[in-house]
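Below you'll find the structure, written out as structure tokens, and then a few comments.
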There are 2 protein chains.
Amino acid sequence: MSDSPLEARLSYHLALTFSEREALRWLERRERSYRAGEIILSEGQSTDTLFIVSSGWLHGSVKLPSGDRQIQRFYFVGDITTTLSLAWGYSAATLQAVSDVTLFEVPKNVFGRLFRSHPRLGALLFAVVTAEQVAMADRLTSMGRTDGVARIATLLLDIRSRLRVVDDLRGSSFELPLTQQDLGDAVGLTKTHVNRSLKALEATGLVERDGRLIRITHVEKLAELVNFTDRHGAIATDWLPPTGTPEPTDTAKQ
Amino acid sequence: MSDSPLEARLSYHLALTFSEREALRWLERRERSYRAGEIILSEGQSTDTLFIVSSGWLHGSVKLPSGDRQIQRFYFVGDITTTLSLAWGYSAATLQAVSDVTLFEVPKNVFGRLFRSHPRLGALLFAVVTAEQVAMADRLTSMGRTDGVARIATLLLDIRSRLRVVDDLRGSSFELPLTQQDLGDAVGLTKTHVNRSLKALEATGLVERDGRLIRITHVEKLAELVNFTDRHGAIATDWLPPTGTPEPTDTAKQ
DNA sequence: CGCTTAGTTGAACGGAGTCAATCCGCGTGG
DNA sequence: CCACGCGGATTGACTCCGTTCAACTAAGCG
């Protein structure tokens with residue numbers, strides 16, 4: 001009965017009330033599917049909807065005048081693409097499907113109402129974005145201060161930990177429907193060097209590859225080697241406000 | 001009467017109600033000052049407070065096992081350091097004062113209550129963080145896909161546009177109390193190469209330096225040259241929920 | 001089966017790092 | 001008022017990681 005991705009994501013952090021769960025499901029009404037590789041939204045394109053990932057995964061990227069591309073972030077099941085366009089009337093990046101995906105389209109104003117009807121959810125969503133920001137800061141650190149091998153390793157670990165949450169992920173291997181060019185665009189390397197870095201990673205014995213299948217044989221060891229911290233675990237919720245809405249008379253004080 | 005930095009920041013996007021303004025001021029009660037260079041909070045240190053920047057600016061950084069440092073982001077007047085510790089019980093980075101600063105300390109749960117008493121502010125804060133995330137994605141792109149000169153130029157443009165908001169910033173020059181090592185730690189370069197990049201920038205005639213004073217003589221031209229977009233302007237607010245709190249009976253629907 | 005896209009590999013180049021000396025501004029103590 | 005000390009800015013020489021350019025191979029597909 002409850003296959004709501006967003007609900008699942010938030011429930012991971014906190015036990016939701018019936019009312020809250022219902023409100024989340026309310027967001028997930030307009031559904032649409034895309035094929036792997038399809039472009040859902042282009043950079044600069046005007047839009048007033050957000051997307052909640054229902055299945056599959058995708059990425060947001062930008063193109064530079066030089067022709068280079070930077071993949072800024074990946075979106076997995078339960079993620080909301082608020083980054084792209086909530087703050088403006090247009091999208092700050094191109095959203096493209098990595099695998100076949102199903103998305104819920106949420107008008108921004110519907111999303112906005114959620115903050116009013118369910119303040120606790122609003123606060124929780126805020127915290128989730130905050131955690132994402134830290135994850136992005138990690139990537140920044142990775143790109144700014146580590147070499148090719150470490151960048152690739154970090155990316156693989158990160159993707160793995162995201163896929164783990166939803167997909168079955170039996171064993172330690174997972175499918176990576178990304179081109180080496182894509183990997184390079186994500187971590188700031190040339191496809192050529194991505195290839196060499198992958199080879200080097202394999203040589204350490206910590207990672208195995210078979211076509212699009214990646215297997216990290218010693219997750220802990222690799223994580224320590226490249227100083228990786230998983231930012232996708234549970235977040236603190238002790239500071240959240242109580243459920244429901246306060247008395248209408250309760251304005252500022254309290 | 002209204003020298004509340006957070007209020008000023010949010011008012012920039014939206015006309016606030018009296019009640020909302022009062023609620024924001026309520027956050028800014030515990031004030032504390034630090035000298036330039038002082039460390040306010042260390043990476044990993046446990047804490048349950050957030051900081052609102054009242055005056056001056058600071059940065060958040062992490063240290064790598066290799067000894068390298070990465071400055072992940074700068075905080076200016078009106079910024080809230082939710083990134084650092086809202087989602088966990090400890091800080092994800094080290095917070096250090098760049099200039100002399102004054103900060104308001106806000107307990108996380110007090111911050112949380114704001115979402116309940118003033119949902120619209122909650123949504124607005126959400127949007128602000130979203131915009132910050134896009135700004136950080138820009139930095140990622142800059143570091144992943146551009147050379148030293150462009151990275152430094154982008155950083156200077158970004159800092160300038162942030163300082164512009166609050167400081168007087170008469171003319172086009174501003175003081176940059178950052179070491180070349182700091183600049184390097186921010187954009188992923190060696191201090192040596194930062195120096196060379198700065199020299200190269202000066203050679204273009206678009207930037208002038210005099211000690212710690214930076215002057216960008218042709219902002220537009222430089223911005224276009226390095227493909228810089230200012231993400232700190234006004235954000236869309238048309239999707240925000242109405243002011244105040246809804247009827248207590250109004251739970252999920254609507 | 002030919003075509004096209006992605007993965008590999010080699011060789012040479014170059015941006016950025018490393019190492020290290022020198023310069024400079026400035027505060028301090030004498 | 002001046003010598004000294006120190007952190008930061010500069011600059012030079014050399015090295016190296018990652019890019020470029022360019023084959024060449026493997027894999028999917030109509």
Side-chain angles (χ1 to χ4, degrees), chain A residues 35-38 64 66-71 96 98-100 141-156 175-204 207-214 226, chain B residues 35-38 59 64 66-71 96 98-99 142-156 175-204 207-215 226:
Chain A
R35 291 302 188 68
E38 232 179 306
L64 303 200
S66 64
D68 287 327
R69 181 180 67 153
Q70 174 70 47
I71 294 179
Q96 184 174 13
V98 168
S99 65
D100 288 347
T141 303
S142 171
M143 289 178 53
R145 290 297 180 200
T146 73
D147 67 9
V149 176
R151 288 191 218 175
I152 296 290
T154 302
L155 182 63
L156 292 180
E175 206 196 322
L176 188 71
L178 292 176
T179 275
Q180 294 188 355
Q181 173 73 60
D182 292 335
L183 292 177
D185 287 345
V187 300
L189 293 173
T190 305
K191 61 183 178 183
T192 308
H193 204 70
V194 167
N195 188 283
R196 291 197 249 266
S197 299
L198 279 171
K199 291 281 182 186
L201 257 186
E202 279 186 296
T204 65
V207 175
E208 293 170 2
R209 281 189 309 147
D210 180 27
R212 343 223 66 177
L213 232 64
I214 299 286
V226 298
Chain B
R35 292 299 190 69
E38 233 180 305
H59 69 229
L64 303 199
S66 64
D68 288 326
R69 181 180 68 153
Q70 174 70 46
I71 293 179
Q96 186 174 12
V98 168
S99 65
S142 170
M143 290 177 53
R145 290 295 179 199
T146 73
D147 68 8
V149 176
R151 289 192 218 175
I152 294 291
T154 302
L155 182 63
L156 293 180
E175 206 197 321
L176 189 71
L178 292 175
T179 275
Q180 294 189 355
Q181 172 75 60
D182 292 335
L183 292 177
D185 287 345
V187 300
L189 294 174
T190 304
K191 60 182 177 183
T192 307
H193 205 70
V194 168
N195 188 282
R196 291 197 254 263
S197 299
L198 279 171
K199 291 282 181 186
L201 258 186
E202 280 186 297
T204 65
V207 175
E208 294 171 2
R209 282 188 308 147
D210 180 26
R212 342 223 67 179
L213 232 63
I214 299 286
R215 179 161 181 221
V226 299

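Naming convention: chains lettered A, B, ... in sequence-line order (proteins, then strands); numbering from 1 in each chain. These numbers were taken from a predicted model, which means no experiment stands behind them.
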Per-nucleotide protein contact along nucleotides 25-30 of chain D, 5' to 3', at a 4.0 Å heavy-atom cut-off (B base, S sugar-phosphate only, - neither), is ------
Starting from P on dG7(D), measure out to CD on Q181(B) and report it in whole angstrom.
-> 14 Å
Taken to the nearest whole Å, CG/L183(B) to P/dT10(D) is 11 Å
Is there a side-chain contact between E202(A) and R209(A), using heavy atoms and a 4.5 Å cut-off?
-> yes
Rounded distance (Å) that lies between atom P of dA6(C) and atom CG of L178(A) | 12 Å
Is the backbone N or O of G37(A) less than 3.5 Å from a side-chain atom of Q96(A), with the two atoms forming a donor-acceptor pair by type?
-> yes
Interatomic distance, CG@D182(A) vs CZ@R69(A), rounded to 0.5 Å, equals 4.5 Å
Knowing that exactly one of V226(B), V187(B), L155(B), T154(B) qualifies, which makes a side-chain contact (heavy atoms from CB on, under 4.5 Å) with S142(B)?
-> T154(B)
Determine to 10° how strongly the helix from dC1(C)-dG30(D) to dG30(C)-dC1(D) is bent, judged from the axes of its five-pair ends.
-> 30°
Student check: side-chain heavy atoms of V149(B) and T204(B) closer than 4.5 Å | no
Integer-rounded Å distance: dC23(C) P and Q180(B) CD = 18 Å
Distance in angstrom units between L198(B) CG and dA9(D) C1', rounded = 10 Å
With the sugar-phosphate defined as primed atoms, P, OP1 and OP2, and the base as all remaining atoms, what B/S/- string results for nucleotides 9-19 of chain C, 5' to 3', for protein heavy atoms under 4.0 Å?
-> BBB----BBBB
Hey, does the side chain of Q180(A) reach the backbone of T192(A) with a donor-acceptor pair shorter than 3.5 angstrom?
-> no
dist L189(A):CG -> R196(A):CZ (nearest 0.5 Å) comes out at 11.0 Å
I152(B) side chain near V194(B) side chain, heavy-atom distance below 4.5 Å | yes
Lys/Arg-Asp/Glu bridge criterion (N-O < 4.0 Å) met for R145(B), D185(A) | yes
For the side chain of R151(A) and the backbone of T146(A), is there at least one donor-acceptor N/O pair under 3.5 Å apart?
-> yes
Supply the atom-to-atom distance L176(A) CG to L183(A) CG, rounded to the nearest 0.5 angstrom.
-> 5.5 Å
